[in-house]
Number of protein chains: 2
Amino acid sequence: MSSITVLLVDDHLVVRSGLRALLGTEPDFEVVAEAASGEDAVQLAQALSPSVVVMDLAMGPGMDGLEAIRRIRDLNERQAILVFTTYDSDADIVRAVDAGAMGYLLKDAAPGEIFAAIRGAAVGRSVMSPPVASRLFQQLRNPDEVLTPREAELLGLLTEGLSNRELGRRLFISEATVKTHLAHIYTKLGVDTRAAAIATAIRREGMR
Amino acid sequence: MSSITVLLVDDHLVVRSGLRALLGTEPDFEVVAEAASGEDAVQLAQALSPSVVVMDLAMGPGMDGLEAIRRIRDLNERQAILVFTTYDSDADIVRAVDAGAMGYLLKDAAPGEIFAAIRGAAVGRSVMSPPVASRLFQQLRNPDEVLTPREAELLGLLTEGLSNRELGRRLFISEATVKTHLAHIYTKLGVDTRAAAIATAIRREGMR
DNA sequence: AGCCATATCAGCCAAAAGGCTGAGGCCGCG
DNA sequence: CGCGGCCTCAGCCTTTTGGCTGATATGGCT
């Protein structure tokens, strides 16, 4: 009976057709459209109201996945959105969830996991890949280690290679304040040099 | 007549089936097997001698793409191997080419490009995505900016967040030597702090 | 043999970063 | 209304880094 309609969003054609092929093996799924950009995704989600939007976070130029999630939620609060991406970055997970994603799946998930996640999302359940879940739990267990928004901002600029002076100028704060923030960041990240902070930041936010 | 036999290697099921679906639309391609790991790839390449091996560099745990390329070339010098990956990292491109790849395609390539690249590889021609090609040319044009092996090694450890002292210990050289190498690395990368060096190193080697 | 790239090391000095202590203002929550 | 988290800033002192100049050794290429 009523099948689950799915909108696929990914900037890679091969991923879209792979997913389409995969979902085609299950009788209750129906891929109603594909989008290669955030813009298209928003438009198609509005036009078609699919049961579930399955989308990658990394998108080419233009609107990124997170922004697309927000826009889609703005149009329809109840739209189920499932993130389907390659990397399990701490920041991305958190951001995706609070942008309104129902679940977070990694691309190396087994077919069964993918099916279950989509079916779950369709009925309003949250699903996530085990590695993703464990990261989230860790964040909840160690709230001490979570950076404040300002610290995260600093850390972001830090990974651009800026000096303390430049950081200060960029953020309209004194160099003293920059050093204070950095000291906090270091203790939270468990490092004691900016180099190590950059390294762990990029590896944490980046991949693996 | 004689169709082009293809071995697909990618750790993501969706990518494999997407590619299979895509290649299925062209009558002259025949996907003879899929491999999800480097180990399987080597074995299948040897057993089936496909016209072209299309593979991702990023592979889960175990043998990575580069290693798999080398192994396959060891077994059969003439085997055509086409790298099909998401990111165009300077280092990866160079390494893939000298590991023996015939071409280097990005996953966001248009279907036509993909077909052309595989057909080209099958007859011994080298093909690469435009952005990839431009990077290679840039490397050839600016040999001054190419790091020596030792410098590259240092840079690698630098991105782990090590201090000069630690770098020295790790490489069994004095801190003075470390500083000399770093100075050279900085001028070659066009930066003047280790933080910036780490940042550009990771962004260059990393992705985008 | 001479030359060049690479790798190694030293010393000196200035600039940047890091550790520590203390402190004021703002805001939300009980 | 007080407590605590967050953001802001200062001063002081040590360590680390970076810039510069110069030197030795090795190995390959001409």
Side-chain angles (χ1 to χ4, degrees), chain A residues 90-91 94-95 98 139-202 204, chain B residues 90-91 94-95 98 139-202 204:
Chain A
D90 283 338
V94 174
R95 285 195 288 245
D98 80 39
Q139 290 233 329
L140 294 178
R141 263 202 305 271
N142 300 348
D144 295 357
E145 295 181 7
V146 174
L147 302 180
T148 68
R150 194 54 158 175
E151 287 163 357
E153 194 178 1
L154 251 312
L155 185 56
L157 292 175
L158 202 61
T159 64
E160 307 276 317
L162 302 190
S163 69
N164 290 347
R165 191 184 311 269
E166 293 169 320
L167 288 170
R169 268 205 261 275
R170 192 75 81 87
L171 298 173
F172 305 105
I173 57 181
S174 82
E175 212 176 313
T177 306
V178 170
K179 291 174 84 172
T180 305
H181 283 308
L182 287 183
H184 292 157
I185 292 174
Y186 295 163
T187 63
K188 287 184 182 179
L189 294 186
V191 299
D192 52 6
T193 68
R194 69 173 42 216
I198 294 173
T200 71
I202 295 186
R204 272 226 244 214
Chain B
D90 283 337
V94 175
R95 284 194 290 244
D98 79 39
Q139 290 235 330
L140 294 179
R141 262 201 304 272
N142 299 346
D144 294 357
E145 294 181 6
V146 174
L147 302 181
T148 68
R150 194 56 157 173
E151 287 163 358
E153 192 179 3
L154 241 97
L155 184 55
L157 292 175
L158 201 62
T159 64
E160 307 275 318
L162 303 192
S163 69
N164 290 348
R165 191 185 310 271
E166 293 169 320
L167 289 171
R169 268 206 262 276
R170 192 74 80 86
L171 298 174
F172 305 106
I173 57 180
S174 82
E175 212 176 316
T177 305
V178 170
K179 292 175 78 173
T180 305
H181 284 307
L182 287 182
H184 293 158
I185 292 174
Y186 295 163
T187 63
K188 288 184 180 178
L189 294 185
V191 300
D192 52 5
T193 67
R194 68 174 44 216
I198 293 174
T200 71
I202 294 187
R204 271 225 240 206

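Treat the numbers as computed from the prediction; the structure is a model and nothing was measured. FYI, side chains are in, hydrogens and waters are out, and symmetry mates aren't considered; it's all heavy atoms of this structure. First the proteins, then the strands, lettered A, B, ... as listed; each starts at 1.
- Of the two residues contacting DNA chain C, namely B:P149 and B:T193, the nearest-nucleotide position lying further toward the 5' end is that of B:P149.
- Annotation: side chain of B:I198 is in contact with side chain of B:I202 (closest heavy-atom distance under 4.5 Å).
- Side chains of A:Y186 and A:D192 form no contact here, defined as non-hydrogen atoms less than 4.5 Å apart.
- Counting only heavy atoms from C-beta outward, the side chains of B:R150 and B:I173 approach each other to under 4.5 Å.
- Listed in residue order, the members of residues 170-180 of chain A having a heavy atom less than 4.0 Å from DNA chain D are A:I173, A:S174, A:A176, A:T177, A:T180.
- B:E166 places its CD atom 16 Å from the P atom of D:dT15, with the value rounded to the nearest Å.
- Place A:L182 and B:R150 on DNA chain C by their nearest nucleotides, and B:R150 ends up nearer the 5' end.
- The CD1 atom of A:I198 sits 14 Å away from the C1' atom of D:dT17 (whole-angstrom rounding).
- Note: CG (B:L158) to P (D:dG18) measures 8 Å, nearest angstrom.
- Remark: P of D:dT17 and CG of A:L162 are 19 Å apart, rounded to the nearest angstrom.
- The footprint of chain A on DNA chain C, defined by a heavy-atom cutoff below 4.0 Å, extends from C:dA16 to C:dG19.
- The CG atom of A:D192 sits 19 Å away from the P atom of D:dT14 (whole-angstrom rounding).
- Not a single donor-acceptor pair under 3.5 Å links the side chain of A:R194 to the backbone N or O of A:T159.
- Residues A:T180 and A:T177 bring no donor and acceptor atom of their side chains to less than 3.5 Å of each other.
- Using a 4.5 Å cut-off on side-chain heavy atoms (C-beta onward), A:E151 and A:T148 make contact.
- OP1 or OP2 of D:dT17 lies within a sub-4.0 Å distance of a side-chain N or O belonging to B:N164.
- A heavy-atom distance below 4.5 Å is not found between the side chains of A:L155 and A:L182.
- Side chains of A:L154 and A:L147 form no contact here, defined as non-hydrogen atoms less than 4.5 Å apart.
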